[in-house]
Amino acid sequence: MTAARMIIVVAVTWVALTVPFLAPSALPASWQYYIYSPASVGLWLLAMLFGPVITVFLKWNWIRRG
């Protein structure tokens, strides 16, 4: 059960990071450069790598005990 909860936490974190990145049409057109600038994309990639690790660390009690 621990592995399943860990997979759920990682998947939800990736979805939470991906949905706003793929939906810039909800934002004003002048913001699209800032959404897709090289720095923003780099920070997003770092968040995709380290975000799940941080989230698993923060939710460890729930993952272990339920």
message = Among residues at least two apart in sequence or on other chains, which ones pass side-chain contact (heavy atoms from CB on, under 4.5 Å) with S37?
response = Y33, A39, S40

inquiry  = To the nearest 0.5 Å, what is the distance between CG on L17 and CG on L46?
reply    = 11.5 Å

inquiry  = Check for me, please, whether W14 and L45 land in the same ILVMFWY cluster - side-chain distances under 4.5 Å, paths through other members count.
reply    = yes

message = So, using side-chain contact (heavy atoms from CB on, under 4.5 Å) as the criterion, who are the partners of P28 when residues are at least two apart?
response = S30, W31

key: Partners passing side-chain hydrogen bond (donor to acceptor under 3.5 Å, both in side chains) against T18 (at least two apart in sequence or in another chain)   = none

query = Same cluster or not: are F57 and W60 linked, directly or through other Ile, Leu, Val, Met, Phe, Trp or Tyr residues, by side-chain heavy atoms under 4.5 angstrom apart?
reply = no

Name each donor-acceptor pair under 3.5 Å that joins a side chain in residues 2-13 to protein atoms two or more places apart or in another chain, with its distance.
{"unit_1": "R5", "atom_1": "NH1", "unit_2": "W62", "atom_2": "O", "d": "3.3"}
{"unit_1": "T13", "atom_1": "OG1", "unit_2": "V9", "atom_2": "O", "d": "2.7"}
{"unit_1": "T13", "atom_1": "OG1", "unit_2": "T55", "atom_2": "OG1", "d": "3.4"}

Closest heavy-atom pair and its distance - P52, A47 = CD-O, 3.7 Å

inquiry  = Among residues at least two apart in sequence or on other chains, which ones pass ring pair (Phe, Tyr, Trp, His ring centres under 6.0 Å) with F21?
reply    = Y36, W44

